[in-house]
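Have a look at the structure below, then the notes.
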Amino acid sequence: MSHVPSEPVHPAPAQQPQIIIQSSGSSLGWRILSGVACFGLFLCMVIIIGQAIAYSEYFNTRDGVSEKFHSGSKSASNKIAIINVTGVIMSGEGYIRNQIDMAQEDDDVKAIVVRVDSPGGTVTGSDYILHHLNRVRTERDIPLVVSMGGAATSGGYYVAMAVGDQEDSIYAEPTTTTGSIGVIIPHYDISGLMARYDIEDDSIMSHPRKQMLSMTRDMPEEHREILQDYVNQAFTRFKEIVKEGRPEFRKNPEKLDELATGEIFTATTAVNTGLVDKIGFLEEAIKRAAELANIDAEKTRVVEYTQPVSLFGLASANEQAMSWEKMIEMTTPKAYYLQSYFPPALMGLRIDPRQ
């Protein structure tokens, strides 16, 4: 019997698993849901970016002055800016001027409220602030309302005339002291004290008038007449400025002459005499500013301008040096729109170093 070799038996190849994707209505729903989610995410990003842009102005600064939310709507684009004029007015530069510039350059500012709490200061500084407030009001064509705090006297009242001839635009709080319309050049004669202690002023000068306001010598009548004429001219300008802000006195200048004696007035008397329009707090002034600008006060962002405070609220060495410089400056003979019974140097205690 012949042997027939058997062929090797190979195992059957293993079948590869098949993946079958079945389509159903549920996958279409997931795609729709994913698309809605992506759109929602995109919309949220747009809103977040918009809000970031809107709020970014809170961190804008100009020469150290920052914008701070005061009241109203945080998300509103329209703004009412509060500009603070506080303390003794010196040159008007610095903090006050920077506030004015920030408001002028911000197109979203639709009205301004000037918060005055000042006994006045130098003639030049008061006029400087008034000039720039008038400029922002006229160039931007926006209303300006004044809110008087504890005191708005002399140069403080002078600054308030930036309202122009707008009706119902000056508000004083019930306890505000205002008025003191007048000019003063402080002078103190210590020549008798010097003679008692055998002290002599041996200054060398180009002309005797160079020492017209010297405390160490008697004031000749000729010098007194020159200085009185200077004061009279500054006083005339003060009254003309008041007439620009109080139209009633343009029609009746004699009434202003009766009030412009340097006398101070309560808020009630100031309203009755026409120096002030209404008794009200800052909130009433803000509402009036919104009304004049034809905007809704509750849907407007009210902001004010502040300066950063150093650690523990202490002034830096540079700020302290500025304060001393200003106190020394106050001792320089010059004319003041200032309501004070003390030497200007002592009033330096109320000088705001930010000015």
Given the rule in the side-chain contact (heavy atoms from CB on, under 4.5 Å) test, do Ile80 and Ile295 qualify, once you have shown the distances and angles that lead to the verdict?
CA-CA 10 Å; Ile80 295 175; Ile295 55 180; 4.1 Å; yes
Is it true that a side-chain atom of [X] and a backbone atom of [Y] form a donor plus acceptor pair closer than 3.5 Å?
X      : Y      : result
Asn98  : Gly94  : yes
Thr176 : Gly149 : yes
Asn232 : Gln228 : yes

How long is the gap from [atom1] on [X] to [atom2] on [Y], to the nearest 0.5 Å?
X      : Y      : atom1 : atom2 : result
Ile96  : Thr86  : CD1   : OG1   : 6.5 Å
Leu292 : Ile112 : CG    : CD1   : 12.5 Å
Ile100 : Glu105 : CD1   : CD    : 12.0 Å
Arg196 : Leu193 : CZ    : CG    : 6.0 Å

What pair of heavy atoms forms the shortest contact from [X] to [Y], and how long is it?
X      : Y      : answer
Gly155 : Ser126 : CA-OG, 3.6 Å
Ser71  : Ile286 : OG-CD1, 4.4 Å
Ser169 : Val145 : O-CG1, 3.3 Å
Gly72  : Phe69  : O-CZ, 3.5 Å
Val109 : Ala81  : CG1-CB, 4.0 Å
Gly245 : Val163 : O-CG2, 4.1 Å

Would you check if [X] and [Y] make a side-chain contact, meaning some heavy-atom pair closer than 4.5 Å?
X      : Y      : value
Val231 : Ile184 : no
Asp117 : Val85  : no
Val65  : Thr306 : no
Glu283 : Arg288 : no
Val303 : Ile82  : no
His223 : Leu213 : no
Met212 : Leu227 : yes
Thr178 : Ile264 : no

Output all residues satisfying ring-ring contact (aromatic ring centres under 6.0 Å, His included) with Phe265, sequence neighbours left out; order by chain, then residue number.
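If we apply the ring-ring contact (aromatic ring centres under 6.0 Å, His included) test to Phe265, skipping adjacent residues, there are no hits.
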For His132, give me all partners under ring-ring contact (aromatic ring centres under 6.0 Å, His included), at least two apart in sequence or on another chain.
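With neighbours one apart ignored, the set is Tyr128.
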Out of Glu139, Gln99, Arg140, Arg137, which one pairs with Gln104 under the side-chain hydrogen bond (donor to acceptor under 3.5 Å, both in side chains) rule?
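In the set Glu139, Gln99, Arg140, Arg137, the residue that makes a side-chain hydrogen bond (donor to acceptor under 3.5 Å, both in side chains) with Gln104 is Glu139.
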Looking at Phe249, I'd like to know if the NZ or CZ of Lys243 sits under 6.0 Å from its six-membered ring centre while staying within 45 degrees of the ring's axis.
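Judged by the rule, Lys243 and Phe249 form no cation-pi pair.
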Those residues that, when tested against [X], pass salt bridge (charged side-chain N to carboxylate O under 4.0 Å, His left out) (two or more places apart):
X      : value
Arg217 : Asp201
Glu263 : none
Lys110 : none
Lys239 : Asp257

Donor on one side chain, acceptor on other, [X] and [Y], under 3.5 Å:
X      : Y      : value
Ser191 : Asp218 : yes
Ser214 : Thr216 : yes
Ser73  : Glu298 : no

For [X], enumerate each residue passing the side chain to side chain contact (heavy atoms under 4.5 Å, CB included) test, keeping only those at least two apart in sequence or located in another chain.
X      : result
Glu221 : Arg224, Glu225
Val271 : Val276, Ile279
Glu284 : Tyr171, Phe281
Glu167 : none

Would you call Arg301 and Asp108 a salt bridge, using N to O less than 4.0 angstrom?
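No, Arg301 and Asp108 are not salt-bridged.
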What residues form a side chain to side chain donor-acceptor pair (under 3.5 Å) with Thr268, not counting sequence neighbours?
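By the side chain to side chain donor-acceptor pair (under 3.5 Å) rule, Thr268 matches no residue at all.
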Can you list the steps and then say if Val159 with Ile89 is a side-chain contact (heavy atoms from CB on, under 4.5 Å)?
CA-CA 10 Å; Val159 168; Ile89 298 171; 4.0 Å; yes
Could you list all the side-chain hydrogen bond (donor to acceptor under 3.5 Å, both in side chains) pairs where at least one residue sits in residues 142-157, not counting sequence neighbours?
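Listed once each, the pairs are Arg115-Ser147.
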For Met215, I'd like to know if atom CE has over 12 heavy atoms of other residues, nucleotides or ligands within 6.0 Å.
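It does not: Met215 CE has 12 such atoms or fewer within range.
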Step-by-step side-chain contact (heavy atoms from CB on, under 4.5 Å) determination, Val113 to Glu304
CA-CA 9 Å; Val113 174; Glu304 59 182 339; over 6 Å; no
Take Asn84 and Tyr305, measure what side chain to side chain donor-acceptor pair (under 3.5 Å) needs, and give me the verdict at the end.
CA-CA 8 Å; Asn84 291 293; Tyr305 305 113; over 6 Å; no
